[in-house]
Structure formats: structure tokens, C-alpha cells
Amino acid sequence: MKRLLAVFAACLACALAAAGPAWAAVERKVLRMSFRTAEAGFDPQRVFDRYSVGVCENLFEGLLTYDYLARPVRLVPLVAEAIPEPEEGGTRYTFRIRPGILFSDDLAFKGSRRELVARDFEYSIKRFRDPRYASPYEWLFEHKIVGLDELAAAAKKSGHLDYDARVAGLEIRDRYTISFKLSEPDFNFLYVLAMPNVVPVAREVIEAYGDDTMAHPVGTGPFVLKDWVRRSKIVLERNPNHRGYELDTRYADPADEWDRRAIDALRGKRLPLLDRVEIYPIEEEQPRFLAFVNHEHDILDETPFEFIDQVLPNGRLAPGLARQGVKVFREEQPEITYDVFNLEDPAVGGYDPQRVALRRAMVLAHDRDQEIGIVRKGQALPAQSPVPPGVVGFDSEFRAGQQDHDVARAKALLDMYGYADRDGDGWRERPDGKPLVIEYKYNAFSQSNRQLAELWVKSMAAIGIRINAGAVQFADLLNDKRVGKFQMAGSAWIADYPDAQNFLQLLYGPNTGQSNEARFRLPEFDRLYRKSQAVPDSPERNALYREMNRLLLAYAPWRLGVHRIFNHLQYPWVKGYKKHPILYTNFKYLDLDVAARQAAAK
């Protein structure tokens with residue numbers, strides 16, 4: 001018997017040796033890239049930073065999503081069978097879910113295969129209003145769905161949300177049909193349902209993992225979370241339960257080179273094609289850049305500004321990168337950067353003329369031209385309102401003169417309202433004689449952020465205001481802003497959906513403690529905001545948006561920043577790439593030519 005086994009082993013060894021080249025040819029398709037900031041976790045109802053949400057895009061699926069190629073963006077069904085027509089004057093939307101869609105396997109399902117059903121959407125939307133989770137996106141469903149506010153109010157009193165309670169506006173008609181009844185017409189509701197946060201989670205998974213749901217995402221998406229080392233490594237692998245997609249080319253632009261390349265690479269194939277995606281959060285920009293240059297990563301998302309001159313000298317791709325076949329996707333993102341004042345802070349907050357004058361003077365003294373030219377290397381456009389280009393409601397004619405760089409006007413305002421240097425040390429005091437020193441918090445991860453903070457210090461010194469700038473880890477900064485633990489801080493917002501409402505809600509009073517970091521509560525602004533929600537895209541709605549912009553400039557809860565331009569780089573073995581303006585990741589549409597990558601490595 002031993003002799004037979006030895007013979008068999010020898011034969012097996014010979015067979016494996018002979019098959020060596022064939023094994024190499026089936027190497028798995030593993031895409032590697034970095035995030036420029038660390039993630040927070042992957043519970044879709046609890047996260048709102050774009051990196052965490054970007055991972056959730058691959059793990060979960062909502063009712064709707066966006067076509068990959070269409071520009072301007074276009075909603076398409078995802079797990080829904082179709083996009084419904086509005087009923088009852090725009091207050092009801094009824095969805096039929098495709099039968100047979102499965103969640104990825106998990107111990108919480110106790111060995112059973114778990115099908116997605118309408119009740120999963122009912123449960124997940126209720127989670128946005130559960131005080132236990134303090135969802136940063138609770139505002140999406142406040143004053144929105146009939147009966148849901150009452151359930152949330154009861155939960156806030158008792159500390160416990162009753163998930164079994166019937167909500168009239170979340171009507172389950174059968175196993176696969178859910179009908180939403182809204183309190184009033186909302187012409188952006190379908191956009192809300194396409195957000196990567198508004199996706200179904202399974203109740204038994206949430207109950208099984210308790211407070212650790214950030215680490216146990218279980219969805220119906222094309223990938224599963226295979227491994228996660230917090231702030232260090234995120235590994236996704238193809239979900240074996242997933243039904244697969246096909247690229248929809250109906251809305252492609254035949255004149256667009258990115259569309260043509262994506263269609264050539266993906267047409268007729270079953271997606272996703274990648275076996276595995278490895279993401280490495282690297283907050284320092286130099287090692288992130290070098291990881292791409294050294295072929296350790298296949299994609300460089302958002303080339304750091306400090307390397308723009310090396311990557312795009314004179315606006316053209318550097319010859320060394322061009323010889324390697326690197327492609328650059330230049331994107332004017334639908335986003336805005338801004339610096340936010342805490343309106344509840346006794347020094348910089350408040351609505352009285354004195355404190356408003358202080359904020360307006362600081363805005364006038366800040367040198368945004370230096371920000372764009374020196375720090376951002378020209379890769380940005382000055383913002384005139386909170387609403388960026390490419391978003392419905394953007395007003396290209398609107399000009400914000402109150403945000404111009406004008407040191408003389410800034411000094412005059414401070415003098416007029418009593419901010420003077422009383423002790424002769426070169427720095428101004430408050431009108432009551434108390435010292436005026438402002439703490440500025442910024443995200444610690446990049447050289448650019450340090451330069452932006454230094455610019456604030458320098459700009460304010462020119463008008464006699466002291467600023468202490470302090471670097472804070474990204475997750476801590478998000479939390480500090482959310483709870484109001486700051487005086488001034490840097491911030492940014494990218495479109496969840498392509499409508500001005502998504503940006504103006506950042507200043508809506510009831511969103512304080514969620515997305516309203518300034519804690520700005522101005523009754524007139526709130527009134528206009530609510531009125532705009534009930535009006536479809538029209539000159540009437542644009543007039544409301546314009547009036548809200550004027551109030552923002554008058555009270556100055558923000559210093560408007562810029563709309564950034566990002567340059568995304570890919571090696572030629574990455575196939576199917578096209579950056580989407582709303583969705584952050586595109587893994588399910590990518591392919592990898594492993595042989596080409598191996599050849600480049602030799």
C-alpha cells in the first residue's frame with residue numbers, strides 16, 4: 001500500500017510540474033488601490049464619510065442606482081424591477097423587488113439562504129430614525145414618511161424603537177412589494193432611494209452583531225467584506241451568491257473615449273470580473289503617490305495636489321507616465337469645500353451684528369486665490385454658493401462678492417464693531433476686552449490640509465486675529481463637528497444626489513447634530529428650505545435657492561471654499577474605468593489584464 005501511495009505521489013508531482021504554466025495563467029484578478037483617508041466602518045445606516053460609503057456601494061444594493069456611463073447622470077433600477085411613476089400627486093412611490101436576490105451567506109442566517117424581501121427595506125429605513133444609531137442621515141426621513149415621525153418620537157422617549165410597529169407610510173403589500181407614502185410631495189425622493197446608505201440590511205444580522213455592525217456588513221452586493229484591519233486594510237471578494245450584472249450601453253456617448261474603452265472591455269461579459277479588491281487607507285500623500293508610481297497599486301484616486309506638477313506638467317501627462325500607458329481621468333467633482341464656524345460658540349457664533357461682522361471680516365480676509373494657486377496648484381474653482389456645477393439648481397450667474405479677498409474691508413468691519421487692539425500687543429481683543437483667539441481644527445492626513453490651515457493663520461494675522469490651528473484625525477474631526485466641539489473647522493461635501501437640496505440641507509436648522517455642522521438655525525432659511533422641497537425643478541425653485549444663498553452670505557456660517565478638480569490615474573491593465581460623479585467606487589465595472597501587469601513588472 002505504501003508503495004502504491006509513493007507511486008501516486010510521484011505521478012501527482014509530475015502532473016503539477018507539467019501544469020505549472022497553466023496555473024500561472026489563471027492568477028486571480030486582484031485590484032489594489034488606496035484611500036486618502038481612513039474609513040469609519042460599513043454599517044450603511046451609520047456612516048457618512050465617502051470612503052466608508054464607497055465600500056458599502058459594493059456590499060449592498062438599493063432599489064435604484066445610476067447608470068455607469070450616462071452623463072448627465074441617470075437613475076436606473078437595481079434590485080427594483082423598474083423606476084415607479086409617482087402616484088397620488090407625487091406623494092406615493094411603489095416598488096416591486098426582483099424575486100430571487102440573495103444576501104451573502106452569514107452565520108446570522110444559521111445555514112439558510114436568505115432572500116431579499118420588502119420587509120428588509122421597511123426595517124432599514126426605520127433604522128435611520130432609531131436613536132440607538134444616531135444616524136447622520138436621519139434627516140433623509142424626517143418629516144417625510146407618513147407615521148415615521150411618530151414612531152421616532154416614541155423611540156426618543158422610551159430609548160427603544162419598536163421595529164414591529166406598523167408605519168402607514170411603509171406599506172408592505174406582499175413579499176416583494178413596498179409602497180412609500182410621503183407626507184407631502186418630494187421631487188427628490190427617488191434620488192434618496194439611490195443613495196448607498198439607503199440600502200437593505202437583514203434584521204437578523206443587525207440583531208446578531210449588536211454594537212459591532214460596522215464590522216459585519218451583509219448585503220446583496222457584488223462583493224463581500226473578506227478582511228478588515230481598521231485604518232489599514234480593507235479586502236473585498238466576489239460574492240458567490242450574486243446574480244451578476246451586464247453593462248448597459250444604452251446611454252453611452254459614442255464620442256466619449258472612456259465610454260468606448262469601457263464598452264470594448266466589458267460588453268457581453270458577466271460582471272463583476274474582479275476576484276478581489278484590496279484597499280489600503282494611506283493618509284500621507286507621498287507614500288500614497290509612490291505606491292502607484294512603484295506599481296504596488298493599479299489606480300491612484302485623486303492625485304495629491306502637491307504632485308500635480310510632476311504628473312501633469314503644463315497640463316499634460318508626464319512623458320514617463322505616458323510611456324507606461326497611464327490614463328488620467330480629469331473630474332470636476334460635484335462637491336464643495338468650506339470652512340465652518342460653530343454658530344453656538346460664544347466667540348464666533350451667534351446672530352447679533354457684532355458676531356456676524358466678525359465672521360464676515362474673517363471671510364473677507366481669507367486669501368482664497370492663494371489657496372487655489374499655491375495649495376491646490378490651480379486644480380479648483382472658487383465657489384460662489386454652496387451648490388456646485390453639475391448639480392440641478394446650480395446658478396452660474398450667482399456671484400458672492402461678500403467672499404472676495406478684501407483686507408481693507410475686513411479691518412473696517414472689525415473696527416466698526418469694536419474688535420480692537422487694546423493692549424498694544426498687535427492682536428485684537430473682543431469688544432468686551434476679552435482675548436480673541438480662535439481654535440481651528442483640520443484633518444491631519446495631508447500636506448495640503450496643513451498648508452490650508454497655515455493660510456488661515458497667515459490671513460487672519462493680517463487683520464490682527466490670532467488663530468491656533470490644530471491637526472485632528474479624520475474620524476475625530478467628523479465627530480467633533482457633529483457634536484459641536486469646535487470653533488472653526490475645515491470641511492467638504494460631495495453630492496449624494498445631483499440636486500441643490502443635498503447641499504442646502506447642510507444649513508437646515510433641524511439637521512443640527514447630523515449634517516448641519518455649523519449648527520446654523522435661521523428661521524427664514526429653514527422656511528425657504530422647506531418651501532423648496534415641495535417645488536419641482538423650476539425657475540420658482542431656483543429663486544428660493546438664490547435667496548437661501550444670500551442668507552448664507554449675509555450671516556456667514558461658512559467661508560465658501562472651492563470646487564476641486566481631481567485627476568484619477570490608472571495603469572493600462574485596468575479595464576472599464578470611468579469615474580462616476582455620484583458613486584465613489586466602480587469596482588463592479590472594472591476588469592484587470594493580469595498578464596499585462598505581470599509583463600510591466602519585469
Side-chain angles (χ1 to χ4, degrees), residues 39-49 52-53 56 60 106-109 117-172 178 180-183 192-193 195-219 230 342-344 475-486 505-506 508-521 526:
E39 76 294 336
F42 312 114
D43 183 334
Q45 276 88 56
R46 296 172 60 194
V47 297
F48 75 114
D49 67 282
S52 303
V53 173
C56 288
F60 299 89
D106 191 86
L107 292 174
F109 300 138
V117 295
R119 290 221 176 269
D120 295 315
F121 284 95
E122 178 196 32
Y123 174 74
S124 303
I125 287 173
K126 287 178 177 176
R127 288 191 81 218
F128 283 98
R129 307 301 311 275
D130 188 337
R132 175 181 178 184
Y133 300 117
S135 173
Y137 278 113
E138 183 181 7
W139 60 272
L140 288 173
F141 296 103
E142 275 186 317
H143 316 304
K144 185 74 62 182
I145 292 177
V146 173
L148 190 55
D149 283 354
E150 290 76 2
L151 181 71
K156 284 180 180 172
K157 281 185 182 175
S158 67
H160 170 75
L161 191 138
D162 182 2
Y163 283 96
D164 295 316
R166 182 176 175 273
V167 172
L170 295 170
E171 182 185 341
I172 305 299
I178 182 168
F180 300 96
K181 176 63 179 176
L182 310 185
S183 309
V192 169
L193 296 181
M195 287 176 58
N197 304 78
V198 188
V199 290
V201 295
R203 181 171 180 172
E204 51 268 54
V205 170
I206 300 303
E207 292 179 350
Y209 293 107
D211 293 331
D212 201 22
T213 53
M214 287 285 205
H216 295 280
V218 180
R230 291 174 193 261
N342 180 353
L343 272 284
E344 293 180 354
D476 296 334
L477 181 61
L478 290 178
N479 188 59
D480 286 352
K481 287 189 289 186
R482 190 172 170 192
V483 300
K485 189 180 167 187
F486 72 104
Q505 60 83 22
L506 297 170
Y508 181 52
N511 290 351
T512 299
Q514 301 176 55
S515 56
N516 181 356
E517 295 170 337
R519 313 178 87 76
F520 183 56
R521 293 184 177 92
D526 293 346

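What you see is a predicted model, and the numbers here were worked out from it, not measured in a lab.
- The two residues Asn342 and Arg519 come nearest to each other via the heavy atoms OD1-CD, 3.4 Å.
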Please test Phe42 against Thr213 for side-chain contact (heavy atoms from CB on, under 4.5 Å), starting from the C-alpha separation and ending with a verdict.
CA-CA 8 Å; Phe42 312 114; Thr213 53; over 6 Å; no
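- At distances below 3.5 Å, at least one donor-acceptor pair connects side-chain atoms of Asn516 with backbone N or O atoms of Phe520.
- Contact check for Leu140 versus Gln514: no side-chain heavy atoms found under the 4.5 Å cut-off.
- Nearest heavy-atom pair, Ser135 versus Gln45, reported as atom, atom and distance to 0.1 Å: OG-O, 2.7 Å.
- Between Asp120 and Val201 there is no side-chain heavy-atom pair separated by less than 4.5 Å.
- Taking the charged nitrogens against the carboxylate oxygens, Lys156 and Glu138 do have a contact shorter than 4.0 Å, which makes a salt bridge.
- We find the CZ-CE distance between Phe48 and Met195 to be 11.5 Å, quoted to the nearest 0.5 Å.
- Contact check for Glu204 versus Glu207: no side-chain heavy atoms found under the 4.5 Å cut-off.
- For the pair Asn197 and Phe60, the minimum side-chain heavy-atom distance is 4.5 Å or more.
- Taking each heavy atom of Val47 and Cys56 in turn, the nearest pair found is CG2-SG, 4.4 Å.
- In summary, Lys485 and Asp476 do not engage in a salt bridge, as defined by a charged side-chain N under 4.0 Å from a carboxylate O.
- Put simply, the side chain of Ser515 never gets that close to the backbone of Leu506: no donor and acceptor are under 3.5 Å apart.
- How far CD1 of Ile125 is from CG of Leu170: 6.0 Å, rounded to the nearest 0.5 Å.
- The minimum heavy-atom distance between Ser52 and Gly41, with the atom names listed, is CB-O, 3.0 Å.
- Taking the side chain as every heavy atom from C-beta outward, Glu142 and Asn511 approach each other to under 4.5 Å.
- Under the 3.5 Å distance criterion, the side-chain polar atoms of Ser124 are left unmatched by any main-chain donor or acceptor of Phe121.
- Between Asp149 and Phe141 the shortest side-chain heavy-atom distance does not fall below 4.5 Å.
- A 4.5 Å side-chain heavy-atom check between Leu478 and Asp49 finds at least one atom pair inside the cut-off.
- Remark: Arg46 fails to qualify as a cation-pi partner of Tyr133 under the 6.0 Å distance and 45° angle criteria applied to the six-membered ring.
- Residues Arg521 and Glu344 are paired through a salt bridge, judged by an N-O separation under 4.0 Å between the basic side chain and the carboxylate.
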Could you walk me through whether Val198 and Tyr137 pass the side-chain contact (heavy atoms from CB on, under 4.5 Å) test, one step at a time?
CA-CA 9 Å; Val198 188; Tyr137 278 113; over 6 Å; no
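- A distance of 14.0 Å separates OH of Tyr123 from CD1 of Ile172, quoted to the nearest 0.5 Å.
- Taking CZ from Arg132 and CG from Asp211, the interatomic distance works out to 5.0 Å, rounded to the nearest 0.5 Å.
- Considering only heavy atoms from C-beta on, Lys144 stays 4.5 Å or farther from Ser183 through its side chain.
- Between the CD atom of Glu122 and the CG atom of Leu148 there is a distance of 10.0 Å, given to the nearest 0.5 Å.
- When only modelled atom types and interatomic distance are considered, Tyr209 and Asp106 share a side-chain donor-acceptor pair under 3.5 Å.
- Surrounding CG of Asp212 are more than 12 heavy atoms belonging to other residues, nucleotides or ligands, all under 6.0 Å away.
- In this structure, CE on Met214 lies 10.0 Å from CD on Glu39, to the nearest 0.5 angstrom.
- Taking the side-chain contact (heavy atoms from CB on, under 4.5 Å) definition, one finds that Leu161 meets it with Lys126, Arg129, Asp130, Leu151, Ala155, Tyr163, sequence neighbours left out.
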